[in-house]
Amino acid sequence: MALSIEINREVCMGSGNCSFWAPAVFDLDDDGVAIVLDPAGDSEDKVILAAQGCPTQAIAVFRDGDKIV
Ligand code: SF4
């Protein structure tokens with residue numbers, strides 16, 4: 001089952017780390033805030049690395065409803 005991903009737009013500082021680690025999953029919108037393009041766009045490992053690498057912990061990742069990051 002695919003991961004589900006939530007971005008806290010109030011907390012995101014637009015660093016772009018997430019789109020560096022998982023470019024098919026994350027992008028920055030016109031306001032410079034991260035968005036999810038496709039939760040299954042990159043491997044789960046990349047999504048998890050991207051979430052763990054967020055400097056403001058703005059990314060939450062869930063598998064089967066359980067928060068894993
Ligand atoms: S890594 Fe975190 S702070 Fe940086 S753009 Fe992504 S969600 Fe925003």
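Residues take their numbers from the sequence shown, with the count starting at 1. Atoms within a ligand are numbered from 1 in the order they appear, just like the ligands themselves. Everything quoted here is computed from the prediction, not taken from an experiment. Both backbone and side-chain heavy atoms feed into the values below; hydrogens, waters and symmetry mates do not.
- Protein heavy atom in closest approach to atom 5 (S) of ligand 1: G16 N, 3.2 Å.
- Atom 6 (Fe) of ligand 1 has C18 among its coordinating residues (N/O/S atom, backbone or side chain, under 2.8 Å).
- Residue, atom and distance of the protein heavy atom nearest to atom 2 (Fe) of ligand 1 are C54 SG, 2.3 Å.
- In this structure a side-chain-to-backbone donor-acceptor pair under 3.5 Å is missing from D38 to V25.
- In terms of hydrophobic clustering, with Ile, Leu, Val, Met, Phe, Trp and Tyr side chains grouped at heavy-atom distances under 4.5 Å, L28 and V33 are assigned to different clusters.
- Regarding atom 3 (S) of ligand 1, its nearest protein heavy-atom neighbour is M13 N, 3.3 Å.
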> Given the rule in the side-chain contact (heavy atoms from CB on, under 4.5 Å) test, do F26 and I7 qualify, once you have shown the distances and angles that lead to the verdict?
Replying inline: CA-CA 10 Å; F26 299 99; I7 295 173; 3.9 Å; yes

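- Proximity of V33 to ligand 1, defined as any heavy-atom pair under 4.0 Å, is not found for any part of the residue.
- Rounded to the nearest 0.5 angstrom, R63 CZ and E44 CD are separated by 4.5 Å.
- Here the side chains of P55 and S15 are in contact, with some heavy-atom distance below 4.5 Å.
- No side-chain heavy atom of L3 sits less than 4.5 Å from a side-chain heavy atom of P39.
- Per-residue contacts place L28 under 4.0 angstrom from the following atoms of ligand 1 (heavy atoms of the residue considered): 5 (S).
- Set against the non-hydrogen atoms of I59, the atoms of ligand 1 under 4.0 Å away are 7 (S).
- If you take CG on D45 and CH2 on W21, they are separated by 11.5 Å, rounding to the nearest 0.5 Å.
- Listed by number with element, the atoms of ligand 1 under 4.0 Å from a non-hydrogen atom of T56 are 3 (S).
- Panel note: side chain D29, backbone D31; a donor-acceptor pair is recorded below 3.5 Å.
- With a 4.0 Å heavy-atom cut-off, ligand 1 is reached by no atom of V11.
- Using a 4.0 Å cut-off between heavy atoms, A34 contacts ligand 1 through its side chain alone, with no backbone atom that close.
- The protein atom (non-hydrogen) at minimum distance from atom 4 (Fe) of ligand 1 is S15 OG, 2.2 Å.
- Looking only at protein heavy atoms, the nearest one to atom 8 (Fe) of ligand 1 is C12 SG, 2.3 Å.
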